[in-house]
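Worksheet: one structure, shown below.
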Amino acid sequence: MQEKDVASFRAQVYLIVRQVPPGRVTTYGQVAAMIAAPAGVDPPKYQRIRAQWAGRAMRHAPADVPWQRVINSQGRISLPAASRPAAIQHMRLEAEGIEFDRVGRVDLRRFGWLGPDSAWLTKHGLLPAPPLGKSGPTQPTLF
DNA sequence: CGTTTGACTACGC
DNA sequence: CGCGTAGCCAAAC
């Protein structure tokens, strides 16, 4: 792993997150799944750590990245629960129409982003990511 | 320089 | 479902 690979990985994370439309959320894992493993990184190993990499990358997200639309695979905000940033994220998402259940969870089958279209993916050299939500294709039920 | 921590997940009970 | 655990590792202490 080189320094430039880290920068490249982060750049790809931001590029992808910028595509998530208001009112939808994605997960660290989904974003990371669209990014190919850097040269020299064992694929299986990469698969186990890429989501965490995406999470770490989000800490350095530029202001123009809609970071609030990235949550964890459980549909929950991953920032420290009582923190200010977590409150802001929750507030911003609700302002976009995202609903949280009683225990602060978002239904990924309803609000999960389906991902960019394949043309966009290939154009940027990214990989298609599996659908969000527990199983099967997600059924967008906005409105 | 050793230890702890954390914007992750999948999996087992 | 909720909760604990095992992988993993860059940063912060």
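We use all heavy atoms of the structure for the numbers below, so side chains are in, but hydrogens, waters and symmetry mates are not. Reminder, nothing fancy here: chain letters follow the sequence lines and each chain counts from 1.
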Practice prompt. Sugar-phosphate means primed atoms, P, OP1 and OP2; the rest is base. With that split, encode nucleotides 8-13 of chain B 5' to 3' as B, S or - using protein heavy atoms under 4.0 Å.
Written response: BSS---

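The CZ atom of Phe100(A) lies 9.5 Å from the CZ atom of Phe111(A); values are rounded to the nearest 0.5 Å. In this structure, Gln19(A) CD and Leu121(A) CG are separated by 9.5 Å, a value rounded to the nearest 0.5 Å.
Arg59(A) has no side-chain polar atom (N or O) that falls below the 4.0 Å cut-off from OP1 or OP2 of dA10(C).
Here Arg105(A) lies in heavy-atom contact (under 4.0 Å) with sugar-phosphate atoms only. Base contact: Leu79(A) has a heavy atom under 4.0 Å from a base atom. Pro80(A) comes within contact range of the sugar-phosphate backbone alone, with a heavy-atom separation under 4.0 Å but no base atom that close.
Between the C1' atom of dC1(C) and the CZ atom of Arg76(A) lies a distance of 11 Å, rounded to the nearest Å. Taking atom CZ on Arg92(A) and atom C1' on dA7(B), their separation rounds to 14 Å, with Å as the unit. The nearest whole Å value for the distance from the CE atom in Met58(A) to the C1' atom in dG6(B) is 15 Å. Across the protein-nucleic acid pair, Asp101(A) atom CG and dC1(C) atom C1' stand 12 Å apart, rounded to whole Å.
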For nucleotides 3-5 of chain B, tabulate all protein N/O to nucleotide N/O atom pairs closer than 3.5 Å, reporting atom names and distance.
none

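Each of Ile49(A) and Val103(A) lies near DNA chain C, and the nucleotide nearest Val103(A) is the one positioned closer to the 5' end.
Residues that satisfy the salt bridge (Lys or Arg N to Asp or Glu O under 4.0 Å) test with Asp117(A), not counting sequence neighbours, are absent from this structure. With sequence neighbours excluded, the residues forming a side chain to side chain contact (heavy atoms under 4.5 Å, CB included) with Ser78(A) are Tyr28(A), Asn72(A), listed by chain and number.
Within the structure, salt bridge (Lys or Arg N to Asp or Glu O under 4.0 Å) pairs that include any residue of residues 33-52 of chain A do not occur (at least two apart or interchain). For residues 52-67 of chain A, the salt bridge (Lys or Arg N to Asp or Glu O under 4.0 Å) pairs, not counting sequence neighbours, are Arg18(A)-Asp64(A). Within the structure, side-chain hydrogen bond (donor to acceptor under 3.5 Å, both in side chains) contacts touching residues 121-132 of chain A (residues at least two apart or in different chains) are Trp120(A)-His124(A).
Comparing the C1' positions of dC1(B) and dC13(C) gives a spacing of 12 Å, expressed to the nearest Å. A gap of 12 Å separates the C1' atoms of dC8(C) and dG6(B), to the nearest Å.
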Side-chain polar contacts of residues 29-41 of chain A - donor-acceptor pairs under 3.5 angstrom, sequence neighbours left out - could you list them?
from	atom 1	to	atom 2	distance (Å)
Gln30(A)	OE1	Thr26(A)	OG1	2.4
Gln30(A)	NE2	Trp113(A)	O	3.2

Please list, one pair per line, the donor and acceptor atoms closer than 3.5 Å that link side chains of residues 79-96 of chain A to other protein atoms, with sequence neighbours excluded.
from	atom 1	to	atom 2	distance (Å)
Ser83(A)	OG	Pro80(A)	O	2.7
Ser83(A)	OG	Ala86(A)	N	3.3
Gln89(A)	NE2	Gln68(A)	O	3.0
Gln89(A)	NE2	Val70(A)	O	3.1
Arg92(A)	NH1	Gln68(A)	OE1	3.4
Glu96(A)	OE1	Gly23(A)	N	3.1
Glu96(A)	OE1	Arg69(A)	NH1	3.3
Glu96(A)	OE2	Gln68(A)	NE2	3.1
Glu96(A)	OE2	Arg69(A)	NH1	2.5

